[in-house]
Amino acid sequence: MLRLVVRRLLQLIPTLLGLSVLLFLWLDRLPGGPASAILGEKATEAEVARINRALGLDQPVYVQYWRFLKRIAELDLGTSTQTGQPVWDEFVLRFPATVELSLLAILIAVAVGVPLGYFAARNRGGWLDVTAVSGSLVGICIPVFFLALILKGIFAVQLGIFPSYGRQDTGINATDVTGFAVLDGILTGEFDASWDAIMHLILPAVALASIPLAVIVRMTRASVLEVQDEDYVRTAEAKGLKRSVVRSRHVLRNAMLPVVTAVGLLTGSLLSGAVLTESVFSFGGIGSFIRTAIDGRDYPVLVGFIMFIAMVYVLINLLVDLAYSLIDPRVRVH
């Protein structure tokens, strides 16, 4: 297992280096250069020259790239032109909100999608199968922001069951330990704060889980249908093994391989920031912050965001590989 982890980490280094080259070239090829992009179209030549000197853009290209790579290695992603704060500090401040929202959304999608897809495949052509396939199609077709507005209008505005915005009520003075509102309440014994944070998470998490849920249902159903007709499944049944053993050990376990890949990719996409969902519920995560950065042409934030999410995807791919090796031991020898 350790050799697998080390090998995967070494293989990911060229990926990050390649991405850093693309990011550097993108910055270098911005219209008018990075300085003009930061200062705007009305910037004078003197102002552009001043920014170029301050950012080291008057140096040779290889010197600029080396400094760029060195800063990334030191987690120095620059300073936001809008807030004046280090980009890394801004991400650390907002990322816990996105993590909480994304993890609950993917948990809902997996907890509902895998069993639903499995039983739909086991009852192919039945009412459950038809309902699951039709429902997953609807889930994929409905825009997330539209579903978020419907949920907010019904369950928050009309019925008043759930909060309509934010991570916690303003009247709750919760102690900030890790930045994760639910976890902080548990660690400090402020369980009312944890419960309030959970209530704020439910509506945006359900809206955000709609597309991953639909994908997981269809992926699980297709995978189970394929696996249950394999020769080794029929052999296990012919040997007289219990039906529960055949379904859990031979069918479901092998059907999970493509599902694990899908869950990993979906988790990465959720962690990259649910821009629309966070905007509808004013959630204050990375997604809404990136939307503001795009509107304000805050290029240091955008570059830092791309590198940050690349690292997140790298770690998720590593976890997917580890999950593969646990599900299918044959992966460990490759």
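Cluster membership for Ile198 and Val99, using ILVMFWY side-chain heavy atoms within less than 4.5 angstrom, is shared. Taken together through direct or relayed side-chain contacts under 4.5 Å among Ile, Leu, Val, Met, Phe, Trp and Tyr, Val157 and Met199 form parts of separate hydrophobic clusters. Following chains of ILVMFWY side-chain contacts shorter than 4.5 Å, one can reach Val280 starting from Ile161, so the two form part of one hydrophobic cluster. Leu103 and Val206 fall within a single hydrophobic cluster, where Ile, Leu, Val, Met, Phe, Trp and Tyr are joined by side-chain heavy atoms under 4.5 Å apart, directly or via other members. Cluster annotation: Phe155 is connected to Val112 through the hydrophobic network of ILVMFWY side chains, with a link wherever side-chain heavy atoms come within less than 4.5 Å.
The structure places CG of Leu147 at 5.0 Å from OG of Ser210, a figure rounded to the nearest 0.5 Å. With values rounded to the nearest 0.5 angstrom, Leu203 atom CG is found 10.0 Å from Ile154 atom CD1. The distance from the OG1 atom of Thr98 to the CD1 atom of Ile286 is 5.0 Å, given to the nearest 0.5 Å. From Ile216, atom CD1 reaches atom CD1 of Ile108 across 11.0 Å, with rounding to the nearest 0.5 Å. With values rounded to the nearest 0.5 angstrom, Phe281 atom CZ is found 6.0 Å from Leu151 atom CG. Distance check, rounded to the nearest 0.5 Å: CE of Met219 to CG of Leu266 gives 8.0 Å.
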Apply the test side-chain contact (heavy atoms from CB on, under 4.5 Å) to residues Val87 and Phe305: give CA-CA distance (whole Å), side-chain angles for both, the deciding distance (0.1 Å), then the verdict.
CA-CA 8 Å; Val87 173; Phe305 170 73; over 6 Å; no
Evaluate the criterion salt bridge (Lys or Arg N to Asp or Glu O under 4.0 Å) for residue pair Arg122 and Asp129; output intermediate values, then yes/no.
CA-CA 8 Å; Arg122 297 297 302 177; Asp129 185 29; over 6 Å; no
Take Ser102 and Thr267, measure what side-chain contact (heavy atoms from CB on, under 4.5 Å) needs, and give me the verdict at the end.
CA-CA 7 Å; Ser102 301; Thr267 303; 5.8 Å; no
Should Glu278 and Leu208 be marked as a side-chain contact (heavy atoms from CB on, under 4.5 Å) after you check the CA-CA gap, both sets of side-chain angles, and the distance that decides it?
CA-CA 9 Å; Glu278 291 183 5; Leu208 195 59; over 6 Å; no
Yes or no on side-chain contact (heavy atoms from CB on, under 4.5 Å) for Val114 and Met256, after CA distance, side-chain angles and deciding distance?
CA-CA 9 Å; Val114 171; Met256 283 297 99; 3.9 Å; yes
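A heavy-atom distance below 4.5 Å is found between the side chains of Leu17 and Leu69.
Under the 3.5 Å distance criterion, the side-chain polar atoms of Ser136 are matched with a main-chain donor or acceptor of Val133. In terms of modelled atom types and a separation under 3.5 Å, the side chain of Asn123 and the main chain of Phe119 share a donor-acceptor contact. One N or O on the side chain of Asp184 and one on the backbone of Val177 form a donor-acceptor pair closer than 3.5 Å. A donor-acceptor contact shorter than 3.5 Å links the side chain of Ser223 to the backbone of Ala255.
For residues 83-105, the pairs satisfying salt bridge (Lys or Arg N to Asp or Glu O under 4.0 Å) are Glu90-Arg94, Glu100-Arg167, with sequence neighbours left out.
Taking Trp88 as the reference, Phe308 meet the ring pair (Phe, Tyr, Trp, His ring centres under 6.0 Å) condition, with sequence neighbours excluded.
In terms of heavy-atom proximity, Ala156 sits nearest to Pro163 at CB-O, 3.9 Å.
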